[in-house]
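All values below come from the heavy atoms of this structure, side chains included, with hydrogens, waters and symmetry mates left out.
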Amino acid sequence: MTAPDLELFQLIKKDNQLAFRQLYDRHWKKQFYFAVGFLKDETLAKDVVQEVFCILWEKRDHLNIQHFNSYLHSITRNKCLEHLKKSVVFKDVLLHMDALNAENTTEQHIHYLETKEKIEKEINSLPNKTKQIFRLSRHQELSHKEIAKKMNVSIKTVEYHISQSIKKLSASMASFLFFF
């Protein structure tokens, strides 16, 4: 008979490494496959899952977990989002979130909607020219050259505006994702 996850976690809070190993063995594969589906990169997914379990061990004294599976899934999702944010492909983030949304719980659906709303709000807060260039790049998938031609600006101008939008979106999303 195996101990329930919350009982094992209570043992982990008492520095029981065997209980931690049991939880790790029980959950790493599911979190790994979730991360692979999210990130589309097995190596990065392994790193994320390793990071998730390191956080679980390092913060064990301060965590008050009521639903272990939901907590583990949420922290894995958030770590995946952090990695995607670093790659700053917001369109891909939304596509991944849309794909995952069908399987999510109500709480995860609310997080999804809030994140999507926050991204759109931040995009809308960009200066008009920057916003227009960003949308042409990320939503319509135009190349820098195509955008420059369409807007009658230099490629360097396009690169500048995309860089500025990415910096602003990354900074604003970092503080937002921290709370999830």
Side-chain angles (χ1 to χ4, degrees), residues 1-123 138-139 166-180:
M1 178 182 219
T2 60
D5 293 341
L6 289 176
E7 286 180 25
L8 287 174
F9 187 70
Q10 291 307 313
L11 293 172
I12 291 171
K13 289 180 110 173
K14 297 175 183 173
D15 300 332
N16 186 319
Q17 292 180 6
L18 180 59
F20 179 78
R21 184 65 192 184
Q22 287 178 344
L23 272 180
Y24 179 86
D25 289 343
R26 189 179 291 176
H27 293 282
W28 79 268
K29 188 179 275 186
K30 182 178 178 183
Q31 298 310 309
F32 169 72
Y33 286 123
F34 172 74
V36 166
F38 207 94
L39 299 169
K40 308 295 185 214
D41 181 328
E42 287 189 12
T43 302
L44 187 55
K46 285 179 187 176
D47 291 344
V48 164
V49 173
Q50 184 70 25
E51 189 176 353
V52 165
F53 281 97
C54 285
I55 289 169
L56 188 64
W57 179 259
E58 290 167 358
K59 296 186 177 185
R60 66 190 178 277
D61 296 331
H62 307 292
L63 295 174
N64 185 16
I65 299 172
Q66 301 299 317
H67 304 283
F68 188 79
N69 282 330
S70 295
Y71 175 80
L72 200 59
H73 182 79
S74 292
I75 195 168
T76 302
R77 182 193 69 233
N78 290 341
K79 287 297 169 186
C80 288
L81 283 171
E82 284 179 25
H83 284 280
L84 287 174
K85 181 186 66 68
K86 289 177 187 174
S87 69
V88 198
V89 183
F90 288 98
K91 179 181 162 251
D92 286 345
V93 171
L94 293 176
L95 289 174
H96 287 293
M97 291 173 70
D98 281 336
L100 293 171
N101 191 39
E103 301 172 13
N104 288 340
T105 64
T106 302
E107 178 180 282
Q108 292 164 340
H109 181 69
I110 291 169
H111 291 311
Y112 161 77
L113 293 175
E114 289 174 346
T115 303
K116 188 173 182 178
E117 181 181 330
K118 177 68 173 168
I119 290 170
E120 282 303 314
K121 183 178 178 182
E122 290 303 323
I123 290 170
R138 296 305 194 262
H139 293 192
I166 288 171
K167 284 179 188 175
K168 185 172 190 303
L169 291 170
S170 293
S172 65
M173 292 309 295
S175 64
F176 180 74
L177 292 176
F178 175 74
F179 292 105
F180 290 100

Query - Atom pair CG/CZ of Asp25 and Arg21 - distance to nearest 0.5 Å - result: 4.5 Å

Report summary line: Between Glu122 and Lys168, the two heavy atoms sitting closest are OE1-NZ, 3.3 Å

Report summary line: Looking only at heavy atoms, the pair that brings Ala35 and Thr76 closest together is CB-CG2, 4.3 Å

Query - Gap between atom CD of Glu7 and atom CD1 of Ile12 - 0.5 Å precision - result: 12.0 Å

Query raised in the report: Is any NZ, NE, NH1 or NH2 atom of the basic residue among Glu42 and Lys46 found under 4.0 Å from an Asp or Glu carboxylate oxygen of the other?
Result: no

Requested in this report: Look at the rings of Tyr24 and Trp28 and say which category their plane angle falls in: under 30° parallel, 30 to 60° tilted, over 60° perpendicular.
Outcome: parallel

Query raised in the report: How far apart are the C-alpha atoms of Leu11 and Leu18, what are their side-chain angles, what is the distance that settles it, and do they pass the side chain to side chain contact (heavy atoms under 4.5 Å, CB included) test?
Result: CA-CA 9 Å; Leu11 293 172; Leu18 180 59; over 6 Å; no

Query - Euclidean distance, Leu8 CG relative to Gln22 CD, rounded to 0.5 Å - result: 5.0 Å

Query - Heavy-atom closest contact (Val48 atom, Cys80 atom, distance) - result: CG1-SG, 4.0 Å

**Report entry** Side-chain donor or acceptor of Lys29 paired with backbone N/O of Arg26 under 3.5 Å
**Finding:** no

Query raised in the report: How close do Leu6 and Gln66 get, heavy atom to heavy atom, and via which atoms?
Result: CD1-O, 3.2 Å

Report task. Locate the shortest heavy-atom distance separating Phe34 from His73; write the atom from each residue and the value. Result -> CE1-CE1, 3.1 Å

Query raised in the report: Using the ring of each side chain (for Trp, its six-membered ring), is Phe20 parallel, tilted or perpendicular to Phe53, with breaks at 30° and 60°?
Result: perpendicular

**Report entry** Point-to-point distance, once rounded to the nearest 0.5 Å, from NZ of Lys30 to CG of Leu72
**Finding:** 8.5 Å

**Report entry** NZ/NE/NH1/NH2 to OD/OE distance under 4.0 Å, Lys79 and Asp47
**Finding:** no

Report task. Could you check His27 against Asp5 for side chain to side chain contact (heavy atoms under 4.5 Å, CB included), going step by step and ending with a plain yes or no? Result -> CA-CA 10 Å; His27 293 282; Asp5 293 341; 2.9 Å; yes

Requested in this report: Considering non-hydrogen atoms only, spot the tightest contact between Phe9 and Leu23 and give its length.
Outcome: N-CD1, 4.0 Å

Query raised in the report: Are any side-chain N or O atoms of Lys13 and backbone N or O atoms of Leu63, one a donor and one an acceptor, separated by less than 3.5 Å?
Result: yes

